[in-house]
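Values reported hereafter were calculated over all heavy atoms of this structure, with side chains retained and with hydrogens, waters and symmetry mates removed. Residue numbers begin at 1 in each chain, while the letters A, B, ... track the order of the sequences. Predicted model only: the values in this text are computed from it and were never measured.
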2 protein chains.
Amino acid sequence: MKKVTITDIAKLTGYSIKTVSRVINNEPNVREETRRKILRVIEEHNYSVNLLAKALRNSETRTVILFIDRRRGKYWNEWHDLMLKSFMVKLKERGYKVIISPSSGEEMINNDADGFHLLKSGLADGAIMFDVISNDCRVNYLRANNIPFVIIGKDKDFNDTAFVDLDNYLVGYIGAEYLIKKGYKNIVLFLGPKVFNVNRERAKGFEDACKKHNTAHSIYYGLSTIKEVYKMTHILLERAVVDSFFISGDDKALGAYRAIREKALKIPENVAVLGIDNLPSSEYMYPPLTSIDQNVEKFSEKAVNLLIEMMHSKKKSPQRIILTPKIVERQSV
Amino acid sequence: MKKVTITDIAKLTGYSIKTVSRVINNEPNVREETRRKILRVIEEHNYSVNLLAKALRNSETRTVILFIDRRRGKYWNEWHDLMLKSFMVKLKERGYKVIISPSSGEEMINNDADGFHLLKSGLADGAIMFDVISNDCRVNYLRANNIPFVIIGKDKDFNDTAFVDLDNYLVGYIGAEYLIKKGYKNIVLFLGPKVFNVNRERAKGFEDACKKHNTAHSIYYGLSTIKEVYKMTHILLERAVVDSFFISGDDKALGAYRAIREKALKIPENVAVLGIDNLPSSEYMYPPLTSIDQNVEKFSEKAVNLLIEMMHSKKKSPQRIILTPKIVERQSV
DNA sequence: CTGAAAGCGCTTACAG
DNA sequence: CTGAAAGCGCTTACAG
């Protein structure tokens with residue numbers, strides 16, 4: 001069954017390709033009767049525009065690529081899931097298709113399936129980038145080629161790129177202060193891989209607050225899974241000095257909860273746990289997790305608006321939006 | 001900055017478009033020296049193939065669409081996230097790009113951003129469909145137009161479609177039997193929306209097992225969020241006859257856990273909770289959740305293999321793969 | 001080993 | 001209100 005094309009419709013109706021094209025695109029200057037006739041034939045033959053051909057002609061695809069770091073999904077956590085869904089709903093509302101590409105900023109894969117390659121070859125109009133690292137090869141390339149993109153996170157390398165970010169320094173800072181004010185004296189911060197800017201910023205804010213208040217503290221990088229957090233919590237509780245865990249990613253807090261219970265300690269009486277992300281499920285943990293919220297909906301809304309603006313205007317006016325984190329108090333601290 | 005095309009490279013090197021094309025596609029019959037020369041110019045000018053044009057010519061896009069039900073993500077749960085990631089990794093390994101489209105089977109949206117429309121217009125070679133309903137409009141269309149697709153779930157409407165599914169009848173059946181054998185006497189099953197085939201099948205298996213063993217039971221549909229499960233658990237515990245909750249979707253079990261605790265009841269001594277999905281976090285719940293596993297990796301692997309086979313052969317040989325669920329015993333029953 | 005021509009399905013000026 | 005021609009960037013026969 002061959003696909004029916006605009007030429008077929010033209011032949012079938014006796015009109016020219018151009019007239020059919022006018023009807024399809026709802027352009028003026030077509031007699032009402034002609035329009036009706038053509039529409040009927042289109043309907044009958046179940047014709048629909050070949051987006052490929054259209055995009056080739058217009059050099060506009062109405063597609064956006066979302067880059068998320070690969071590592072086989074290891075670093076792709078529940079916050080990413082939440083953001084993803086939010087982006088997809090919002091972009092679709094605005095008439096954009098979404099391609100998701102697991103690519104990292106560390107190396108450029110020369111593979112037709114790599115989202116990076118898609119952008120080079122004109123299969124998308126713009127990009128949203130997660131998990132940016134220093135000297136990110138994707139950023140370098142997109143910037144050099146004038147392809148519109150918005151970074152989720154800060155960009156330290158250039159000052160002419162657009163980004164939306166949570167104030168991650170502040171996340172670390174207010175988290176530490178909150179624990180300190182509640183009377184905890186030995187705080188541990190668990191973070192994901194050190195390559196990601198976000199983690200280094202949280203660490204900085206955390207450290208500054210602890211130093212200011214002269215509080216014992218330590219930082220552990222590279223804890224990406226619930227299991228790793230579980231094991232590390234056990235190890236640290238062995239030493240019996242830590243009295244509070246500050247965990248980047250609520251989804252991993254469950255690992256700490258379990259280790260703490262296994263040591264027969266009580267949350268928050270003996271040990272506090274403070275999360276980051278404020279996931280929907282955190283409220284249902286036992287005890288309900290106190291966490292630092294980052295308003296996913298607002299985050300994605302800002303990024304989508306920014307990107308669409310950039311794709312339309314094509315002029316460079318890099319905006320940088322910083323969102324403020326907020327502690328949501330529950331019962332784990 | 002205009003994008004450099006194959007014509008530019010041809011002019012720049014003095015060779016014909018065709019020869020350049022040969023080099024790009026690694027075809028034989030090019031003198032080594034010619035190849036080197038052309039490759040150098042390609043490199044210098046940062047040329048890359050326009051996938052749009054290539055796809056138009058080849059009528060192959062190497063793209064697969066993943067359909068997930070919309071409803072603003074309400075029914076899109078953690079199991080979907082897991083499957084999604086698994087699909088993306090596997091499809092990428094095979095050289096396919098992934099477009100994710102939140103579309104439901106209930107209505108056909110006439111919007112360029114709807115994944116459904118993308119398929120009609122040749123922007124993808126095949127599709128994987130989640131959350132299929134009876135008389136699903138996407139299935140009807142794809143089938144009528146000979147577009148390769150694999151359903152995640154059973155198809156009751158046609159017998160010439162391909163699908164991979166968990167044996168959901170068995171899920172309901174073994175879940176109920178497991179609870180009954182552990183001595184529970186009044187079982188409640190929580191399910192998502194009734195429109196989805198998967199939920200109706202689980203209900204059927206559950207009911208059959210309960211009837212066989214003459215056990216008191218009831219089924220509640222439309223529980224899609226952790227909050228809804230939380231509230232409903234409270235309501236049912238009020239009546240104080242229910243002694244076990246069988247919950248479709250581990251991520252929602254946390255809601256039941258909380259309600260049970262708030263009634264000062266113990267899991268599993270007073271009330272049992274049995275989940276479905278066996279999510280990574282279930283092991284870390286308190287108490288660790290007993291759940292029915294469905295092997296996400298195997299699931300997606302089968303579906304990807306099936307789809308790729310169909311896209312290549314183009315011949316109709318609908319395969320139907322049924323996976324067997326397995327109870328993973330932990331401490332909540 | 002290399003190339004000129006035709007065409008994938010559409011739209012953009014331009015002409016009538 | 002309608003249409004013929006050119007072209008988007010590529011590949012597929014075909015010819016030499």
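Between B/K11 atom NZ and C/dA4 atom P the separation is 13 Å, expressed in whole Å. B/L51 has its CG atom 10 Å from the P atom of D/dT11, to the nearest Å. The interatomic distance linking B/Y15 (OH) with D/dC10 (P) rounds to 19 Å, in whole Å. If you measure from atom CD1 of A/I6 to atom P of C/dT12, you get 11 Å, rounded to the nearest angstrom. What separates CD of A/E33 from C1' of D/dT2 is a distance of 14 Å, to the nearest Å. The separation between B/I17 atom CD1 and D/dC14 atom P is 20 Å, rounded to whole Å. As rounded to whole Å, 17 Å separates atom C1' of C/dC10 from atom CG of A/N26.
Close to C/dC10, at under 4.0 Å from its OP1 or OP2, lies a side-chain N or O of A/Y47. For A/S16, a side-chain nitrogen or oxygen approaches OP1 or OP2 of D/dG3 to under 4.0 Å.
Using a 4.0 Å heavy-atom criterion, one finds that B/N29 contacts the bases of the nucleic acid, with or without backbone contacts as well. Heavy atoms of A/L52 sit nowhere under 4.0 angstrom from any nucleic acid atom.
Figure legend: cation-pi geometry between A/R138 and A/F67, with NZ or CZ positioned under 6.0 Å from the six-membered ring centre and within 45° of its axis.
Put simply, the side chain of A/N25 never gets that close to the backbone of A/R22: no donor and acceptor are under 3.5 Å apart. Side chain of B/D157 to backbone of B/N135: a donor-acceptor contact under 3.5 angstrom is found. At least one donor-acceptor pair closer than 3.5 Å links the side chain of B/D165 to the backbone N or O of B/K154.
In the model, A/T161 has a side-chain atom that pairs as donor or acceptor with a side-chain atom of A/R320 under 3.5 Å.
Nearest to the side-chain atoms of A/R57 among the listed nucleotides C/dT2, D/dG9, D/dG7 stands D/dG7. Of all nucleotides listed (D/dT2, C/dT12, D/dT11), D/dT2 comes nearest to the side chain of A/T34.
Using N1 to N3 plus N6-O4 or O6-N4 for Watson-Crick, or N1-O2 and O6-N3 for G-U wobble, each under 3.5 Å, C/dG16 pairs with D/dC1.
With respect to A/P148, the side-chain contact (heavy atoms from CB on, under 4.5 Å) criterion is satisfied by exactly one of A/E309, A/M310, A/H312: A/M310.
Heavy-atom distances under 4.0 Å link DNA chain C to B/K18, B/T19, B/R22 of residues 18-25 of chain B, given in residue order.
Ring geometry for B/F130 against B/H80 counts as tilted: the plane angle lies between 30° and 60°, on a 0 to 90° scale.
Each of B/R31 and B/N58 lies near DNA chain C, and the nucleotide nearest B/R31 is the one positioned closer to the 5' end.
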